J.: 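Here it is, the structure, as structure tokens.
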Amino acid sequence: MPGQLHEHTPVRGDKCAIWTDRLAVRFKNRRPIGIHVGHHVLGELGSLLRDAGAGASRIGAVTNTVVAHHYLPPVIKGLERAGYTACPIIIPDGEAEKNLERVGWLCGEWLGAGLDRSSMVVALGGGVIGDLAGFAAATYLRGIGFVQVPTTLLAMVDAAIGGKTAVNHPMAKNIIGAFHQPLLVLEDLATLETLPERQWRDGLAEVVKTAIILDADLFLYLEQNAEDILRRRPESVRHIVVTCAGHKARIVAEDETESGLRALLNYGHTLGHCIEALTGYEEWSHGEAVSAGMAAAARLARLLGLCGKEEAERQRALLESFGLPTRLPRLDPEALMRTLYHDKKTRDGKLRFVLSPAIGQARMLEGVEEDLIRKVLAGQ
Ligand code: NAD
Ligand code: GLY
């Protein structure tokens with residue numbers, strides 16, 4: 001059965017690791033991909049790789065200047081302790097690094113460092129590093145193994161799980177990519193302590209999305225524990241990361257290449273991507289744009305008579321309690337409509353939206369009428 005496996009080990013014996021959760025993406029007829037969630041567990045990467053059967057001698061660890069400063073040393077130490085030769089590469093921070101030129105440059109660095117087909121790549125950072133290093137690993141020598149070590153909430157609950165890797169093209173985001181599954185995912189919740197507030201809220205937008213489309217209990221938990229979550233209380237952080245990572249693992253195991261079920265994860269992303277594109281990918285962060293997109297999707301569901309006022313209100317209130325925006329920015333409605341038609345999710349010129357008929361449920365609606373969308377854009 002594809003799906004997830006969840007074991008919780010309260011005490012590991014290691015004096016730093018307080019606890020570890022083990023989940024897995026279980027593809028049919030394939031080795032499961034372990035998702036290890038713990039606290040101060042970066043140093044365990046080397047031994048986890050050995051346990052997963054990675055026979056590589058050289059490991060190309062890719063990270064950025066911000067993350068390297070905090071977290072590269074324990075990763076390198078752990079790799080060397082397990083007998084690997086670590087070849088760290090540190091790139092500048094930012095979404096602008098997710099491009100083909102950087103992929104070519106990385107491949108040159110790896111050639112210079114002697115990485116061969118048996119070598120592995122470690123992506124240490126947020127979704128930008130995971131997408132970039134993952135895509136480079138998918139193409140270097142026609143594909144070498146890689147490991148995701150996400151250090152943002154967004155990457156832990158979403159980007160690092162599922163094998164989507166990509167870089168941007170000047171004309172579109174994430175348009176050059178590949179499905180390339182990591183050998184394993186290591187999530188150290190202690191790294192979230194240094195995450196800036198805005199990035200924390202960005203990740204919360206994806207957590208709320210997961211709750212709206214898949215998990216009414218999680219939604220209730222978020223409503224009742226918003227304060228603890230905003231303060232990043234360890235037990236709340238663990239609960240939301242493990243729950244969301246588990247949902248993501250189950251969905252991608254059932255629909256690896258997004259032929260159906262996985263598309264539901266795009267709730268709020270249709271309008272969200274338009275906001276990001278029309279504001280130059282700088283003014284609005286991804287999570288903020290998705291938040292406004294989800295609130296708009298809830299209004300659309302109401303206009304269609306698909307969900308009641310209370311459902312839409314609960315979504316808006318939860319997003320606002322996390323300090324996330326629920327109103328679309330002032331944008332030219334014609335430009336927004338044009339961008340909507342260019343979206344990756346549009347099929348045969350028909351606009352498609354993921355909508356939620358009730359908290360914990362979602363479905364794809366195709367051929368949504370333009371005038372309804374215009375009403376939502378006008379804030380009705
Ligand atoms: P990011 O990778 O840019 O990280 C956000 C910021 O936080 C950066 O400045 C980064 O240096 C910093 N940072 C990372 N970890 C930190 C830590 N522990 N402490 C302090 N600072 C830290 O952004 P993101 O939100 O993680 O990811 C966004 C990217 O992910 C986008 O490019 C998006 O397209 C992609 N994405 C991919 C998928 C997928 O399925 N592959 C899913 C969602 C998003
Ligand atoms: N982030 C959506 C997906 O992985 O499919």
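Keep in mind that this is a model prediction, so the values were computed, not measured.
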J.: About how many Å separate CG of Asp158 and OG1 of Thr210, when rounded to the nearest 0.5 Å?
T.: 7.0 Å
J.: So does Val167 get a backbone contact from the side chain of Asp131, meaning a donor-acceptor N/O pair under 3.5 Å?
T.: no
J.: Check whether Leu377 and Leu306 end up in the same hydrophobic cluster, where Ile, Leu, Val, Met, Phe, Trp and Tyr are linked by side-chain heavy atoms less than 4.5 Å apart.
T.: yes
J.: Can a donor-acceptor pair be found, under 3.5 Å and without considering hydrogens, that links the side chain of Asp215 to the backbone of Ile212?
T.: no
J.: Evaluate the side-chain contact (heavy atoms from CB on, under 4.5 Å) criterion for residues Leu355 and Cys307: first the C-alpha distance (whole Å), next the side-chain angles of each, then the deciding distance (0.1 Å), finally the verdict.
T.: CA-CA 9 Å; Leu355 296 175; Cys307 82; over 6 Å; no
J.: Starting at NE2 of His239, measure out to SG of Cys244 and round the result to the nearest 0.5 Å.
T.: 8.5 Å
J.: Passes salt bridge (charged side-chain N to carboxylate O under 4.0 Å, His left out), Glu288 versus Arg201? Steps please.
T.: CA-CA 8 Å; Glu288 289 161 355; Arg201 289 173 200 270; over 6 Å; no
J.: Count the heavy atoms of every other residue, nucleotide or ligand shown that sit under 6.0 Å from CZ of Arg363, and state whether that count exceeds 12.
T.: no
J.: Would you please say whether a donor-acceptor pair under 3.5 Å links the side chains of Glu206 and Tyr267?
T.: no
J.: Is it true that Lys173 and Glu95 make a salt bridge, defined as a side-chain N closer than 4.0 Å to a carboxylate O?
T.: yes
J.: Check whether the side chains of Thr65 and Asp93 place a donor and an acceptor atom closer than 3.5 Å, and report yes or no.
T.: no
J.: Tell me, with the steps shown, if Leu265 and Lys209 meet side-chain contact (heavy atoms from CB on, under 4.5 Å).
T.: CA-CA 8 Å; Leu265 297 174; Lys209 175 201 77 179; 4.0 Å; yes
J.: How many angstroms lie between atom CG of Leu318 and atom CD of Glu223, to the nearest 0.5 angstrom?
T.: 6.0 Å
J.: Do Arg102 and Phe135 form a cation-pi contact, if we require the NZ or CZ to be under 6.0 Å from the six-membered ring centre and within 45 degrees of the ring's axis?
T.: no
J.: More than 12 heavy atoms of other residues, nucleotides or ligands under 6.0 Å from CD of Glu369: yes or no?
T.: no
J.: Which value, rounded to the nearest 0.5 Å, describes the distance between Cys274 atom SG and Leu336 atom CG?
T.: 5.5 Å
J.: Side chains of Ser119 and Tyr140: any donor to acceptor distance under 3.5 Å?
T.: no
J.: Does any part of the side chain of Val376, heavy atoms only, come nearer than 4.5 Å to the side chain of Phe353, both counted from C-beta?
T.: no
J.: Report yes if some heavy atom in the side chain of Ile35 is under 4.5 Å from a heavy atom in the side chain of Arg22; otherwise report no.
T.: no
J.: Is atom CD of Glu282 surrounded by more than 12 heavy atoms (other residues, nucleotides or ligands) closer than 6.0 Å?
T.: no
J.: Would you please classify the geometry between the His286 ring and the His273 ring as parallel, tilted or perpendicular, with 30° and 60° separating the classes?
T.: tilted
J.: Ignoring hydrogens, what is the shortest heavy-atom contact between Leu264 and Ala362? Give both atom names and the distance.
T.: CD1-O, 3.9 Å
J.: Between Ile59 and Leu49, what is the shortest heavy-atom contact and its length?
T.: CD1-CD1, 3.9 Å
J.: Mind checking whether Ile240 and Leu204 have side chains closer than 4.5 Å, heavy atoms only?
T.: yes
J.: Do Arg352 and Thr270 have side chains that get closer than 4.5 Å, going by heavy atoms?
T.: no
J.: Is a donor on one side and an acceptor on the other found under 3.5 Å between the side chain of Arg232 and the backbone of Val237?
T.: no
J.: Assess the residue pair Arg338 and Glu334 against the criterion (salt bridge (charged side-chain N to carboxylate O under 4.0 Å, His left out)); give the C-alpha distance rounded to whole Å, side-chain angles, the decisive distance to 0.1 Å, and a yes or no.
T.: CA-CA 6 Å; Arg338 272 197 305 278; Glu334 296 315 313; 5.7 Å; no
J.: With distance as the sole criterion, is a donor-acceptor pair present between the side chains of Ser47 and Glu44 under 3.5 Å?
T.: no
J.: Check the hydrophobic clustering (I, L, V, M, F, W, Y; side-chain heavy atoms under 4.5 Å; chains of links allowed) and say if Val354 and Val252 are grouped together.
T.: yes
J.: Would you tell me whether Lys164 and Asn174 have side-chain atoms, one donor and one acceptor, within less than 3.5 Å of each other?
T.: no
J.: Under 3.5 Å, is there a donor-acceptor pair between the side chain of Tyr71 and the main chain of Leu42?
T.: no
J.: Are any of the side-chain nitrogens in Glu80 or Lys77 under 4.0 Å away from the carboxylate oxygens of its partner?
T.: no
J.: Determine whether Trp284 and Pro329 make a side-chain contact, defined as any pair of heavy atoms from C-beta on separated by less than 4.5 Å.
T.: yes
J.: Is any side-chain heavy atom of Met120 less than 4.5 Å from a side-chain heavy atom of Leu183?
T.: yes
J.: Among Arg30, Arg262, Lys28, find the residue that satisfies the side chain to side chain donor-acceptor pair (under 3.5 Å) test when tested with Glu256.
T.: Arg30
J.: So Val37 and Arg238, side-chain contact (heavy atoms from CB on, under 4.5 Å) or not? Walk me through it.
T.: CA-CA 8 Å; Val37 187; Arg238 179 188 151 246; 5.6 Å; no
J.: Between Glu310 and Arg314, is there a side-chain N and carboxylate O pair less than 4.0 Å apart?
T.: no
J.: Can any side-chain N or O of Asn225 pair as donor or acceptor with the backbone N or O of Ile229 at less than 3.5 Å?
T.: no
J.: Considering all heavy atoms of both residues, which atom of Arg58 and which atom of Gly114 are nearest to each other, and what is their separation?
T.: CD-O, 3.4 Å
J.: Taking all non-hydrogen atoms of both residues into account, name the closest pair between Ile359 and Glu311 and its distance.
T.: N-OE1, 2.8 Å
J.: Can you tell which of Gln315, Arg299, Arg316, Glu320 makes a side chain to side chain donor-acceptor pair (under 3.5 Å) with Thr326?
T.: Glu320
J.: Is there a path from Leu230 to Met156 through hydrophobic residues (I, L, V, M, F, W, Y) whose side chains come within less than 4.5 Å of each other?
T.: yes
J.: Considering only heavy atoms from C-beta outward, does the side chain of Ile161 approach that of Glu187 to under 4.5 Å?
T.: yes
J.: Closer than 3.5 angstrom, by distance alone: can the side chain of Ser356 be matched with the main-chain N or O of Ala358 as a donor-acceptor pair?
T.: yes
J.: Hey, any chance Leu124 and Val128 share a hydrophobic cluster, counting ILVMFWY side chains that come within less than 4.5 Å of each other, even indirectly?
T.: no
J.: Has the side chain of Arg81 got a donor or acceptor atom that lies under 3.5 Å from a matching backbone atom of Gly43?
T.: yes
J.: Taking all non-hydrogen atoms of both residues into account, name the closest pair between Trp110 and Gly60 and its distance.
T.: NE1-CA, 4.4 Å
J.: Would you say that Gln181 contacts Phe27 through its side chain, given a criterion of any heavy-atom pair below 4.5 Å between the two side chains?
T.: yes
J.: Would you check if the side chain of Glu109 reaches a backbone N or O of Ile89 as a donor-acceptor pair within less than 3.5 Å?
T.: no
J.: Please evaluate residues Glu313 and Arg302 with respect to the criterion salt bridge (charged side-chain N to carboxylate O under 4.0 Å, His left out), reporting the C-alpha separation (whole Å), side-chain torsions for both, the decisive distance (0.1 Å), and the verdict.
T.: CA-CA 10 Å; Glu313 266 307 298; Arg302 268 203 70 198; over 6 Å; no
J.: Checking Met337 against Ile373 for the side-chain contact (heavy atoms from CB on, under 4.5 Å) test, could you report, in this order, the C-alpha distance in whole Å, the side-chain angles of both residues, the deciding distance, and whether it holds?
T.: CA-CA 9 Å; Met337 288 306 298; Ile373 296 167; 3.9 Å; yes
J.: Can you tell me if Ser291 uses its side chain to pair, donor with acceptor, with the backbone of Gly287 under 3.5 Å?
T.: no
J.: Can you see which heavy atom on Ser321 is nearest to which on Ala226, and at what distance?
T.: OG-CB, 4.1 Å
J.: For residues Leu72 and Val66: do they belong to one hydrophobic cluster (side chain heavy atoms under 4.5 Å, members Ile, Leu, Val, Met, Phe, Trp, Tyr)?
T.: no
J.: For the pair Asp188 (side chain) and His40 (backbone), establish whether a donor and an acceptor sit closer than 3.5 Å, ignoring hydrogens and angles.
T.: yes
